[in-house]
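Counting convention: from 1, in listed order, for ligands and their atoms alike. Both backbone and side-chain heavy atoms feed into the values below; hydrogens, waters and symmetry mates do not.
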Amino acid sequence: MRIVVIGAGGQLGSDLVEVLSSHDVVPLCHDDIEVSDRKSCEQLVHLRPEVVVNTAAYHRVDECEENPERAFAVNAIGAKNIAEVCERIGACAVFISTDYVFDGTKGEPYTEEDCPSPLNTYGISKLAGEAYTRLVSRHYVFRVASLFGVRGASGKGGNFVETIVKKARAGESLTVVDDVVMSPTYTRDAALLIREVLERGLPHGVYHATNTGMCSWFEFARTIVELVGLDVSVSPIRSESLSQRARRPPFSALESPVLRSHGLAMRHWREALRDYLAAKGHLQ
Ligand SMILES: NC(=O)c1ccc[n+]([C@@H]2O[C@H](COP(=O)([O-])OP(=O)(O)OC[C@H]3O[C@@H](n4cnc5c(N)ncnc54)[C@H](OP(=O)(O)O)[C@@H]3O)[C@@H](O)[C@H]2O)c1
């Protein structure tokens, strides 16, 4: 398959390029394409892809509140631009979305059947991106969450795991929110899952692509520190004390009965975290 990966220099995009290497992959970094610019997206026509995976996003969640125009330009209009070109050339459009399309009131993991109700501009703009993508005859929407990948998120300047390891190595005691629960997800695992869905040609639609299990950010940080073998204290705090600009869902763990029904399941986040830490050389 000829597969274009947009956001190829990013955390998930770089893993996708690697795990899809048995295919004819065309990696496009931000220097190569601007998704918010319709003319720039027209280059896809000449590349003749069978699949276009769009990982590009403006995902600094608090900044999106200050700059909704940019959030919509990249996350929604960007998806629209790609969706329209894909429909015209008969390509399959793949959009990477987020657990932040949910409001976090369910209290148990969200499935693909649950109704989105985002609480912030980032989530609203990504939900609009999903909707544009779903208008394409051949499409997949993969919702991922709380990503950690070897490359680190270029749009966020790293990832949570690296921040914790760095601070802990510096001997800083850590305070981490204990009232927000999510599904930490290794980008390599998400990339492998996406490859499997594409290769098996599963029915088009929305899939939740997170590692299994869930935890609070506090529990996640404590596990990182334990696995790396660092001797620092990690203390729980409440999210109100951070006075963040954007509201966030207090509980956004995802699960995928749909993937399970196709015999696919991602491993537990702890196992994935251990592999990530080993890949980064953090384990002795
Ligand atoms: N990170 C998370 O925890 C998380 C959680 C849930 C969902 N997601 C979703 O997962 C996807 C991948 O996230 P990630 O962590 O891999 O992000 P990332 O590392 O920031 O990668 C995104 C890539 O897209 C490029 N890009 C940004 N704006 C663009 C634009 N307007 N046109 C073309 N390319 C553009 C970036 O290039 P530059 O950096 O050079 O601009 C970067 O290479 C995103 O769609 C995000 O919304 C992420």
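- Between Ala8 and ligand 1, not a single N/O pair is under 3.5 Å apart.
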Side chains of residues 62-72: which donor-acceptor pairs under 3.5 Å do they make with residues two or more places apart or in other chains?
from, atom 1, to, atom 2, distance (Å)
Asp62, OD1, Arg245, N, 3.1
Asp62, OD1, Ala246, N, 2.8
Asp62, OD1, Arg248, NH1, 3.1
Asp62, OD2, Arg248, NH2, 3.2
Glu63, OE1, Tyr58, OH, 2.8
Glu65, OE1, Thr121, OG1, 3.2
Glu65, OE2, Thr121, N, 2.8
Glu65, OE2, Thr121, OG1, 3.2
Asn67, OD1, Arg70, N, 3.2

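- Close placement of the Phe148 and Tyr186 rings is indicated, their centers lying within 6.0 Å of each other.
- The structure places CD1 of Ile33 at 4.5 Å from SG of Cys41, a figure rounded to the nearest 0.5 Å.
- Counting non-hydrogen atoms of other residues, nucleotides and ligands closer than 6.0 Å to CZ of Arg138 gives a total above 12.
- Residue contact check: Thr98 has heavy atoms under 4.0 Å from atoms 6 (C), 7 (C) of ligand 1.
- The side-chain contact (heavy atoms from CB on, under 4.5 Å) test with Val144 is passed by exactly one of Thr55, Leu254, Ile96: Ile96.
- Considering Val26, Ile82, Leu28 as possible partners of Val52, the one that fulfils the side-chain contact (heavy atoms from CB on, under 4.5 Å) test is Ile82.
- Distances from ligand 1 to the non-hydrogen atoms of Ser146 include at least one value under 4.0 Å.
- Residue Val74 has no nitrogen or oxygen atom sitting less than 3.5 Å from a nitrogen or oxygen atom of ligand 1, judged on distance alone.
- Looking only at protein heavy atoms, the nearest one to atom 44 (C) of ligand 1 is Thr55 O, 3.2 Å.
- Annotation: Gln11 places an N or O atom under 3.5 Å from an N or O atom of ligand 1; distance criterion only.
- The single protein non-hydrogen atom nearest to atom 42 (C) of ligand 1 is Ser154 OG, 3.1 Å, given as residue, atom name and distance.
- Within the structure, ligand 1 has Lys126 among the residues with a heavy atom less than 4.0 angstrom away.
- In this structure, the protein non-hydrogen atom closest to atom 27 (C) of ligand 1 is Ala57 O, 3.6 Å.
- Between Tyr110 and His208, a ring centre-to-centre spacing not shorter than 6.0 Å is recorded.
- Protein heavy atom at the shortest distance from atom 17 (O) of ligand 1 is His59 NE2, 3.1 Å.
- Looking at Cys41, Ala145, Ser97, Ala73, it is Ser97 that brings a heavy atom closest to atom 7 (C) of ligand 1.
- Closest protein heavy atom to atom 20 (O) of ligand 1: Gly155 N, 2.7 Å.
- Of the protein's heavy atoms, Gly7 CA, 3.6 Å lies nearest to atom 23 (C) of ligand 1.
- For atom 24 (O) of ligand 1, the nearest non-hydrogen atom of the protein is Ala56 CA, 3.3 Å.
- In terms of protein heavy atoms, atom 3 (O) of ligand 1 is closest to Leu147 N, 2.9 Å.
- Remark: Glu113 CD is loosely packed, at most 12 non-hydrogen atoms of other residues, nucleotides or ligands lying under 6.0 Å away.
- Distance alone, capped at 3.5 Å, places no donor-acceptor pair between the Glu255 side chain and the Thr111 backbone.
- No more than 12 heavy atoms of other residues, nucleotides or ligands sit less than 6.0 Å from atom CZ of Arg274.
- Within the listing of ligand 1, atoms 15 (O), 19 (O) sit less than 4.0 angstrom from a heavy atom of Ala153.
- Within the structure, every pair that satisfies the side chain to side chain donor-acceptor pair (under 3.5 Å) test and touches residues 153-167, not counting sequence neighbours, is listed here: Gln11-Asn159, Asn159-Tyr276, Glu162-Tyr276, Glu162-His282.
- Set against the non-hydrogen atoms of Leu12, the atoms of ligand 1 under 4.0 Å away are 16 (O).
- Ligand 1 lies within reach of Lys156, whose nearest heavy atom is under 4.0 Å from it.
- Summarising the local packing, CZ of Arg48 is surrounded by 12 or fewer heavy atoms from other residues, nucleotides or ligands at distances under 6.0 Å.
- Using a 4.0 Å heavy-atom cutoff, Tyr122 is listed among the residues neighbouring ligand 1.
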